[in-house]
Structures are given as structure tokens and as C-alpha cells.
Asks: 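Let me give you the structure first, and then I'll get to my questions.
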There are 2 protein chains.
Amino acid sequence: MRKQIVKYALIYGVCGGLLIAALKLIEYRFLVLEHSIEIYGALIALVFASVGIWLGLKITRKEQVIVERELIVEKEVLVPSTLPFVRNEQRLQELAITRRELEILGLMAEGLSNREIGEKLFVSENTVKTHSSRLFDKLDAKRRTQAVQRGKELGLIP
Amino acid sequence: MRKQIVKYALIYGVCGGLLIAALKLIEYRFLVLEHSIEIYGALIALVFASVGIWLGLKITRKEQVIVERELIVEKEVLVPSTLPFVRNEQRLQELAITRRELEILGLMAEGLSNREIGEKLFVSENTVKTHSSRLFDKLDAKRRTQAVQRGKELGLIP
DNA sequence: TGCGAAATCACTCAAAAGTATGACGACAGA
DNA sequence: TCTGTCGTCATACTTTTGAGTGATTTCGCA
């Protein structure tokens, strides 16, 4: 991701240069303003700052791999302004929570039973149980509701 | 947030203009390069794109609130920017959920067992069960985890 | 190529959760 | 005063969860 950012930044830089050159050309052809360079610079900076911010937002968003989500209903979710969720990867590592466990935690949080989770992930209910047991252990939870709550608190799930 | 972004973008724009002006000045004093405007433009664009991306990332990151965990370690917990929670009273009425039921839903969401809830509210576990049964009915939930999830979705609990 | 982590599954037993039904007192409002 | 809602509790029964243990397979990595 770091590299991508650099790459994009470079591309943007070049684009910015070209844009300014274009603006300068236009300037010579049609109008001559005072401080035009500054103004154009400001415009360029503005545009690119905006694009940058937008890009930054976009990058962080998503990255929610995990399973196919049913195709059933398109729910109207009435959650107030869902700011993009950023998973706390560090804590995941600290707690040594595996991908599978995290996945199961997520489905738990959605209110699925062990059986349903098993069906969704194509594994047996028993498997789900062992995963969740380990999960409870790592999260220091005694119940699934507690695990969910801890998970949210720790930024592991939205 | 939208407004803030615009504001920052504007500020950046202005900064960019000033920067370009400064660069131009320097150019006249020390060196004269071909296509210097373009190059500067590119630089500015690059810098601001980077800053923008960084800012975008930063905005999405959540606030860090320090909390004391147990006696041992002092861990920082990531709380998703606690915007003041406003209960959706209207929906409460629509669903005919009573105060007591809501109360129990809240404790459920915190991961308490029926017994614990009972102890906390000084009622029997059976009572908690009947309340939660009715709650599940009203929320169209089959499990407590589902009820919690619905509750959050509907703005009944934080 | 062998080790270790991850994922898978089974089986048992106990505890918690959930369903169904009935009952009783308090209390607000018609 | 009658009615309906709310909160309370019980009993009986089913289902789901969770704990504990052990075993197998897969796979990346040293």
C-alpha cells in the first residue's frame, strides 16, 4: 500500500505539472492576469488536495475480504453516518487472532448461530465451536455476546 | 465532516499558491530552468496529493481513548469516535418496546447473561427470560446476538 | 523436508438460552 | 369499576452454547 501511494503521488505530480503548463499556455493565448501563476498553483493544489483526501478515504475503506454475503435482501440500514471502519490489525496480532476466528467473530456479531455460521462457511458446527472457544479465550469473553462487544471495543469488527 | 474537508482543501489551495509564488521568486533570484513552472507545479501537486492522502487516512482513523484495563497493563482502546448517541424513541414506540425490555436489551448488548441481568435488576432469571422473549418477538430476532444487532441497527442502543 | 500453526471435525457433558403457557398484582385510563 | 398493559415469576421442555479433549490434515516457512 505504501508503494501504491508513492506511485499515485508521482502520477499526480506529473499530472499537476502538465496541468499547470496547460493553464500557462491558455494564459498566454487568452488572458493575462496578475498573480496568475499563484492562482493556478492554488487551484492545482486545491484540486489535488481534494483528490488526495478522497483517495485517502477510499483506500482505507473496504478491504473487508471475508466470505460472500448472502444475496437475499437489501436491507435499509439506518445506521447514522457509518464512518469507514478501520480494522485494528495490530491488536489482532497482539491477541493472535486468526483470520478464520475473526471471520467467525464477524458472523457472530451479525447474530448468526453456530450452525448458520457453519453452513455459511461450509464447515461443521463443531468446527465453528472450536473456533469460537479459542476466540472467547483470546478475547477473555465468556459468551458470544461478550465476545462481540469486546471485538467492537477493540476495533476488530465494525 | 464534509465542510471541514472543503475548508481544509481551500486552505491548502491558498498555501499551494503561496508556495508556487515563493518558488517562482527563488527561481528569479538563483536559477532559471526550462519548464520550471511545470516542474514546480508537479512538485506542488505531488506534495499536496501526499498530504491529502495522509489527511484522508488520518480522518478515518478513530480517536484514541485511554482506558485502564485491569490492574496490570494500561492499554489504549480504540473507541469509534463516540458521537453522542441519540435513541430512536419513535421506533421504540413503533415496535412497542417497553422501558424494561429496552433496559434488558442494553445489558444484553454488554454481554451479560440472563442470570447476570437478573441480578443486576433484582429480578429472577425467569423474568429476564420472558422479557427477552418478548423482545426477540418485537425485534424479529431469534437469538440475543441478533437482537443486539437489530437494536443497534435501529438506533435503540448505542 | 520436517516443524508448527491453522483449520478441520468428533464426542461428551454441563450450562445457558429460548419457547410455551399460565398466573398474579399494580396501575392508568375509559 | 372494568380493561389493558406492564412487570413479575414459575414450571416444563427444547435448543443452543460452551468447555474439555483428542485427532487429522493442510500449508507455509525455515
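Naming convention: chains lettered A, B, ... in sequence-line order (proteins, then strands); numbering from 1 in each chain. The shown structure was predicted, so the numbers you read here are calculated from the model rather than taken from an experiment.
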Asks: Roughly how far, to the nearest 0.5 Å, is CD1 of B:Ile157 from CE of B:Met108?
Replies: 9.5 Å

Asks: Can you check the A:Glu125 CD to C:dC11 P distance for me, whole Å?
Replies: 13 Å

Asks: Of all the nucleotides listed (D:dA10, D:dT21, D:dG7), which has the minimum atom distance to the side chain of B:Arg99?
Replies: D:dG7

Asks: Do the side chains of B:Arg143 and A:Glu116 get close enough for a salt bridge, i.e. N-O under 4.0 angstrom?
Replies: yes

Asks: Between B:Ser113 and A:Lys138, just flag the one whose closest nucleotide in DNA chain C comes earlier from the 5' side.
Replies: A:Lys138

Asks: I want to verify a distance call: between D:dT8, C:dT19, D:dT17, whose nearest atom is closest to the A:Arg144 side chain?
Replies: D:dT17

Asks: If we only count heavy atoms from C-beta on, is the B:Leu154 to B:Leu92 side-chain gap below 4.5 Å?
Replies: no

Asks: Would you mind reading off the distance between B:Met108 atom CE and D:dT17 atom P, rounded to a whole angstrom?
Replies: 14 Å

Asks: Hey, does B:Asn114 reach any base, or is it just sugar-phosphate, or nothing, if we go heavy atoms under 4.0 Å?
Replies: sugar-phosphate

Asks: Can you check whether A:Arg143 has a side-chain N or O nearer than 4.0 Å to OP1 or OP2 of D:dT17?
Replies: no

Asks: To the nearest Å, give me how far apart CD (A:Glu103) and P (C:dA7) are.
Replies: 9 Å

Asks: B:Leu105 has an atom CG; how far is it from atom P of D:dG7, in whole Å?
Replies: 14 Å

Asks: Output the rounded distance in Å from CG (A:Asp140) to P (D:dA19).
Replies: 11 Å

Asks: Atom CZ of B:Phe136 to atom P of C:dA20: distance rounded to whole Å?
Replies: 13 Å

Asks: For B:Ser133, answer base if it contacts any base atom (sugar-phosphate contacts may also be present), sugar-phosphate if it contacts only those atoms, and nothing otherwise; contact means non-hydrogen atoms under 4.0 Å.
Replies: base

Asks: For A:Leu139 and D:dG18, give me the distance from atom CG to atom P, rounded to whole Å.
Replies: 12 Å

Asks: Select base, sugar-phosphate, or nothing to describe what A:Thr127 touches, counting heavy atoms under 4.0 Å on all strands.
Replies: base

Asks: Is the shortest heavy-atom distance from the side chain of A:Val128 to the side chain of A:Leu121 under 4.5 Å?
Replies: no

Asks: Can you tell me the distance, in whole Å, between the CG atom of B:Asn126 and the C1' atom of C:dT19?
Replies: 12 Å

Asks: Does a side-chain N or O of A:Thr98 approach OP1 or OP2 of C:dA7 to a distance below 4.0 Å, or not?
Replies: yes

Asks: Can you tell whether the side chains of A:Glu94 and A:Lys138 come within less than 4.0 Å, N to carboxylate O?
Replies: no

Asks: Check every atom of D:dG7, C:dA6, D:dT21 against the side chain of B:His131 and return the nucleotide holding the closest atom.
Replies: D:dG7

Asks: At under 4.0 Å between heavy atoms, what does A:Ser132 touch on the DNA or RNA strands: base, sugar-phosphate, or nothing?
Replies: nothing

Asks: Please determine if a side-chain N or O atom of B:Thr130 lies less than 4.0 Å away from the OP1 or OP2 oxygen of D:dT8.
Replies: no

Asks: DNA chain D: B:Glu101 or B:Thr145, which has the more 5' nearest nucleotide?
Replies: B:Glu101

